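Computed over heavy atoms, backbone and side chain alike; hydrogens, waters and symmetry mates excluded. Model, not experiment: these values are computed from the prediction.
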Amino acid sequence: MKVELHHIHKHFGNVHANDDVSLTVEAGTIHGLLGENGAGKSTLVKILSGFITRDSGEIILDGRPAHIQSPADALRYGIGMLHQDPLDFPPLTVVENFMAGSLATPALLNARAAERTFSALCRQFNFDIDPQARVGDLTVGERQQLEIVRLLANGAGTLILDEPTTGISASQKTLLFDALRRLAREGKSIIFVSHKLEDVEELCDCVTVMRRGRVVGELTLRDTPTKRAADGQPAGKHVNVAARIVEMMFGKELAMPVKPATHQDEVILTLDGLILRNDRLEMSIEHLSVQRGEVIGIAGLEGSGQQLFLLTCAGLERPAGGSIRVGERDLTHKPYADFVKAGVCYLPADRLRDGLISGLTIQEHVALRMSGKGIFIDRAAAAKEAERAIATFNIRGQPDTTVERLSGGNQQRTQLALMPSPLNVLLMEHPTRGLDIESTLWVWQQLIARCNQGTAIVFASSDLDEIVQYSDRVIVFSGGRISPPIAASELTADSLGHMIGGRF
């Protein structure tokens, strides 16, 4: 299906999120959509998939106008969207989720027939998912595979994927890319929203770049059935495509920050005989000492215990055994408030659900942080501090902007702005998940500055390059086992991937 968007406009209050945006996605192609956080790409694909309505403009599908007012309308037109956080029901089984997304009349649903259809589609793409498994027990990559199969079963001719490689393993990414290439060969159109330039270069036929609500350029990456590169050469022969895309996205080249040696001799976090246990796994760490200014990267497949480890170190989960010390203070089995007083801070992966409070403004978040002194809120002081935080952390919002209206990058900037200072230990999950290149570099500049002040950082990430680049030492979680710390200088993304597979 050929998709055309003509002169799309969308306002959110005073923000012109889509400003006269036009885009054409040819049938049988994989079309990348890039831009910095807040550039308007998510708004555009949500308009196409029916999650929000446009103020003006036209959507043309295979030459005919389309009137899309809801996700159900979009699916009837053959447009399906795979969100960064899959839309499913974790307590239900895979086949129940598959049926829940069906356009058929519920009374006509047949579980056995649905399971046969699901399994047949999975075999086409080499997806290995148990139809009777509970969705809550699946990895992020498997939940994505379920969503793709469900959309295809409903007749989707255009698939929109929003940051689909975030949080999935290398093998799952290979399966995903193979599936997308096959669908493109069958004539379907794919819109691939991502901030990972290496994924875009590997997969996409062409790229559209947005900046501040407008389309600023297009680039053909390889020959397609209907297009040739502007200079008549296949894009594979283009030199430094990534640099050209970055320049279109930001109007300038970006320099990668260098991780200096920031660790000090003083040990700030000590774990001895720590036993981690929940209803799914049990693991142990015999001993770990983390020095001030040191960065420890945590790698592993999603669900391998990294979150439990970080929550335990933050005092939000109780260890089944062993001890936790911050400096000279024994915090084993102490309440979370004692960890906070000891200078421990935890930033979760789900910024809006766990890190911020939906419905509250930036100023109100600042006021909550300041509320430890007395029972009254000093609104004037909170407003002044919110303005300072917005300016210092370059947050694209106003003091009265509610946090759910911020882009992912600006939500992360807000979380960083709310961190206390000084800080002894910073525990983070996926610190740059879903962020564009500039925001990612900016976040790490702030984190390195914290390291220079003596803060030890322990972070989990699914981006192996990020772990290797910024860590001093790396710990791998795999199959209920935890590796001893390894110097990052001895690792590559490839060798780290083998360790995640259990080879250590």
Side-chain angles (χ1 to χ4, degrees), residues 262-264 266-271 274 288-298 306-319 324-357 360 362 364-373 385-386 388-389 392-393 395 403 409-433 435 442-461 466 470-472 475:
T262 55
H263 62 274
Q264 304 171 14
E266 180 186 352
V267 173
I268 191 60
L269 175 65
T270 306
L271 310 177
L274 193 68
L288 176 65
S289 295
V290 183
Q291 297 168 295
R292 280 194 178 276
E294 187 177 20
V295 178
I296 302 288
I298 307 294
Q306 305 95 307
Q307 184 183 61
L308 177 60
F309 172 74
L310 293 174
L311 290 173
T312 302
C313 292
L316 292 165
E317 291 281 353
R318 296 289 179 92
I324 303 173
R325 293 199 311 275
V326 175
E328 298 300 321
R329 301 176 65 173
D330 187 349
L331 296 178
T332 312
H333 299 303
K334 297 291 185 182
Y336 172 64
D338 285 10
F339 281 77
V340 174
K341 290 176 183 176
V344 178
C345 180
Y346 168 66
L347 297 187
D350 194 327
R351 301 161 195 135
L352 199 54
R353 187 185 71 179
D354 300 324
L356 302 169
I357 304 173
L360 295 190
I362 297 174
E364 288 166 339
H365 278 81
V366 170
L368 283 174
R369 187 189 66 180
M370 298 168 60
S371 63
K373 301 175 182 178
E385 179 62 18
R388 187 200 67 78
T392 302
F393 288 84
I395 301 169
V403 291
N410 287 301
Q411 288 174 2
Q412 185 69 322
R413 289 170 187 259
T414 301
Q415 278 201 137
L416 293 170
L418 294 171
M419 287 193 305
S421 187
L423 196 59
N424 287 324
V425 180
L426 176 57
L427 306 160
M428 306 183 75
E429 286 185 84
H430 306 291
T432 61
R433 173 179 281 180
L435 303 191
W442 183 90
V443 165
W444 275 107
Q445 287 169 354
Q446 309 312 305
L447 297 179
I448 290 170
R450 286 278 183 165
C451 291
N452 281 318
Q453 296 168 11
T455 301
I457 295 176
V458 183
F459 79 101
S461 176
E466 178 177 46
Y470 294 110
S471 301
D472 294 303
I475 300 173

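Looking at Leu288 and Leu274, their side chains never come closer than 4.5 Å, going by heavy atoms from C-beta outward. Between Thr414 and Arg351 the shortest side-chain heavy-atom distance does not fall below 4.5 Å. The shortest side-chain heavy-atom distance between Val403 and Leu352 falls under the 4.5 Å cut-off. The closest side-chain heavy-atom distance from Val344 to Cys313 is not below 4.5 Å. In this structure, Met428 and Leu447 have side chains that are in contact, with non-hydrogen atoms separated by less than 4.5 Å.
The distance from the CG atom of Leu269 to the CG atom of Leu427 is 7.5 Å, given to the nearest 0.5 Å. Atom OH of Tyr336 and atom CG of Leu331 lie 12.5 Å apart (nearest 0.5 Å). In this structure, CD1 in Ile448 is found 6.0 Å from OH in Tyr470, a value given to the nearest 0.5 Å. One finds the CZ atom of Arg325 at 4.5 Å from the OG1 atom of Thr270 (value rounded to the nearest 0.5 Å). Ile475 contributes atom CD1, which lies 4.5 Å from atom CD1 of Ile298 (distance to the nearest 0.5 angstrom). For the atom pair CD of Glu328 and CD1 of Ile268, the computed distance is 9.0 Å after rounding to the nearest 0.5 Å.
In terms of heavy atoms, Ser471 sits closest to Ile296 at OG-C, 4.2 Å. Across all their heavy atoms, Arg292 and Ala456 have their closest contact at CA-CB, 4.5 Å. Counting all heavy atoms, side chain and backbone alike, Pro319 lies closest to Ile324 at CG-CD1, 4.4 Å. Nearest heavy atoms, Pro420 versus Cys345: CD-SG, 4.1 Å. Closest non-hydrogen pair, Arg329 versus Lys341, comes out as NH1-O, 3.8 Å. In terms of heavy atoms, Arg413 sits closest to Phe393 at NH1-O, 3.1 Å.
A donor-acceptor pair under 3.5 Å is formed between the side chain of His365 and the backbone N or O of Ile357. Checked by atom type and distance alone, the side chain of Asn424 pairs as donor or acceptor with a backbone atom of Ala342 at under 3.5 Å. A donor-acceptor contact shorter than 3.5 Å links the side chain of Asp472 to the backbone of Val295. Between the side chain of Thr455 and the main chain of Leu423, a donor-acceptor pair closer than 3.5 Å is present. Here the side chain of Gln412 pairs a donor or acceptor atom with the backbone of Pro431 at under 3.5 angstrom.
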Let's go through Leu347 and Met419 carefully: what are the C-alpha distance in whole Å and the side-chain angles of both, what is the deciding distance for side-chain contact (heavy atoms from CB on, under 4.5 Å) to 0.1 Å, and is it a yes or a no? CA-CA 9 Å; Leu347 297 187; Met419 287 193 305; 3.9 Å; yes
Apply the test side-chain contact (heavy atoms from CB on, under 4.5 Å) to residues Trp442 and Leu416: give CA-CA distance (whole Å), side-chain angles for both, the deciding distance (0.1 Å), then the verdict. CA-CA 11 Å; Trp442 183 90; Leu416 293 170; 3.7 Å; yes
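Between the side chains of Gln307 and Glu429, at least one donor N or O sits under 3.5 Å from an acceptor N or O.
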